[in-house]
Amino acid sequence: LYLGTRQKIIHIYTTLRDRPYLPLFHKRKTILTSTNHFTVERLRPWKKYLQNVQKIVIESELQVPALLQLGLRQEQIELVYPPVDLAKFTYRKATGRFKILDASCPSRISDLEKRGIHLLMDADAALGDCKVHILWRVGEFGRFQQLVKNRRFQSLRIERHVAKDMNAIYANHHCTIIPY
């Protein structure tokens, strides 16, 4: 509240539906960097706050139409793709049978469809010798296990843990699916 009355919040990295911060933004000075995917319907209650920010930074061109539908001006929207630290993530040729990593990081059951997990599960039998590794970080993993407990996957391997070295994980796979 203090920062809100002093109009000191000028940049925040959060979701576009963050109740504690949106009313505190200083009109026309705030830059908001979005950390999530969103739809027009879910953003509509926050429309008046979002229209007042100087700039909204997003990571996917798919989000531009939703913000324009809310009445934001094109010059308020900045598209910046997620950066990759090339000093840390370098190319190493994977060996063995063709392996795909799904790096969508679902945390809720509702994330499965928009992150393509259902598509991978349905395509499992058609993948043949190809192996697909789904790495689940946090969230409703128990509910996901219940959802798939009676399914026998031929190609999918599903794990839950936070990887300490993603470069090593990437290096063990021939390609990575990252559905932003």
Side-chain angles (χ1 to χ4, degrees), residues 1-86 89 100-124 132 134-144 146-148 156 158 160 162-163 166 170 175-180:
L1 289 175
Y2 172 76
L3 291 174
T5 61
R6 305 282 297 171
Q7 298 178 340
K8 297 287 184 184
I9 297 177
I10 57 168
H11 184 212
I12 189 162
Y13 186 81
T14 188
T15 73
L16 295 186
R17 300 177 66 228
D18 202 334
R19 290 177 196 260
Y21 299 108
L22 285 175
L24 301 178
F25 289 155
H26 184 268
K27 292 179 189 209
R28 304 287 177 229
K29 288 187 180 178
T30 300
I31 298 170
L32 175 60
T33 299
S34 172
T35 62
N36 66 319
H37 174 78
F38 48 81
T39 62
V40 176
E41 295 77 29
R42 295 197 66 196
L43 291 182
R44 205 169 307 277
W46 290 270
K47 174 181 175 176
K48 68 179 181 181
Y49 301 119
L50 296 174
Q51 287 177 329
N52 285 329
V53 300
Q54 178 183 359
K55 183 131 345 235
I56 294 180
V57 180
I58 54 176
E59 297 181 340
S60 169
E61 64 273 1
L62 297 174
Q63 297 168 324
V64 173
L67 292 173
L68 291 174
Q69 274 187 287
L70 277 178
L72 273 80
R73 297 177 321 280
Q74 184 70 47
E75 58 270 12
Q76 286 179 277
I77 304 166
E78 179 91 20
L79 176 62
V80 177
Y81 291 104
V84 175
D85 182 350
L86 295 177
F89 297 105
I100 300 172
L101 172 66
D102 181 84
S104 62
C105 305
S107 58
R108 296 181 301 266
I109 294 299
S110 60
D111 288 342
L112 296 179
E113 188 170 341
K114 71 181 176 186
R115 306 265 181 149
I117 305 298
H118 285 301
L119 179 62
L120 287 171
M121 290 189 303
D122 291 344
D124 177 66
V132 178
I134 299 174
L135 184 58
W136 190 297
R137 287 191 310 195
V138 295
E140 300 177 353
F141 188 70
R143 287 187 60 202
F144 178 66
Q146 290 295 323
L147 182 73
V148 299
L156 297 183
I158 303 163
R160 179 186 188 198
V162 176
M166 279 306 294
Y170 290 135
C175 70
T176 304
I177 300 169
I178 304 178
Y180 286 113

TODO: Report yes if some heavy atom in the side chain of Leu67 is under 4.5 Å from a heavy atom in the side chain of Leu43; otherwise report no.
DONE: yes
TODO: Under the side-chain hydrogen bond (donor to acceptor under 3.5 Å, both in side chains) rule, collect the residues that match up with Glu78, sequence neighbours excluded.
DONE: none
- [ ] State, to 0.1 Å, how close Lys55 and Glu75 come at their nearest heavy-atom pair, and which atoms those are.
- [x] NZ-O, 2.8 Å
Task: Any Trp46 side-chain heavy atom under 4.5 Å of Leu16 side chain - done: no
Task: For Ile56, the option from Thr30, Leu79, Leu50 that meets side-chain contact (heavy atoms from CB on, under 4.5 Å) - done: Leu50
TODO: To the nearest 0.5 angstrom, please state how far the CD atom of Glu41 sits from the CD atom of Gln69.
DONE: 7.5 Å
TODO: Supply the atom-to-atom distance Gln76 CD to Ile31 CD1, rounded to the nearest 0.5 angstrom.
DONE: 12.0 Å
Open item on the list: Apply side chain to side chain contact (heavy atoms under 4.5 Å, CB included) to residues Phe38 and Ile58 and explain how you reach the verdict.
Closed with: CA-CA 10 Å; Phe38 48 81; Ile58 54 176; 4.1 Å; yes
Open item on the list: Please report the interatomic distance OG1(Thr15) to CG(Leu32), rounded to the nearest 0.5 Å.
Closed with: 8.0 Å
TODO: Could you tell me whether the side chain of Leu72 reaches within less than 4.5 Å of the side chain of Gln51, counting heavy atoms only?
DONE: yes
Open item on the list: If you apply the rule side chain to side chain contact (heavy atoms under 4.5 Å, CB included), what do you find for Leu120 with Ile177, and how did you get there?
Closed with: CA-CA 11 Å; Leu120 287 171; Ile177 300 169; 4.1 Å; yes
- [ ] Please list, chain by chain and in numerical order, all residues satisfying side-chain hydrogen bond (donor to acceptor under 3.5 Å, both in side chains) with Gln74, sequence neighbours excluded.
- [x] none
